[in-house]
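Everything on this sheet refers to the single structure shown next.
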Amino acid sequence: MDMRNPYEIDPYGPDGAAAGDGATAPLRRAAELVGCLLAMAALFFGMIYLMGRVGGR
């Protein structure tokens, strides 16, 4: 009765998107992280700009 639990989460196993990618998976994940950081920075500085426009009448 040494069966694997199909509902167990393996934190070190590859996810569905990175399965079989080999060396390109870390590069893709890094690019996704950089894109996310750029989007967050744009939102942050956009909100700072808008608050400055509203407050500095």
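The first residue of the sequence shown is numbered 1, and numbering continues consecutively from there. Note that the coordinates shown come from a computational prediction; the quantities given were computed from them, not determined experimentally.
- Identified under the salt bridge (charged side-chain N to carboxylate O under 4.0 Å, His left out) test for residues 31-52, with sequence neighbours left out: Arg28-Glu32.
- Membership of the apolar cluster around Phe44 extends to Phe45, Ile48, Met51, as traced through chained side-chain contacts below 4.5 Å between ILVMFWY residues.
- Hydrophobic cluster membership of Leu43, counting Ile, Leu, Val, Met, Phe, Trp and Tyr whose side-chain heavy atoms lie under 4.5 Å apart directly or via other members: none, as it forms a cluster of its own.
- The side-chain contact (heavy atoms from CB on, under 4.5 Å) search around Leu37 returns Leu33, Met40, not counting sequence neighbours.
- Think of Leu27 as one node in a network of Ile, Leu, Val, Met, Phe, Trp and Tyr side chains linked at under 4.5 Å; it has no links at all.
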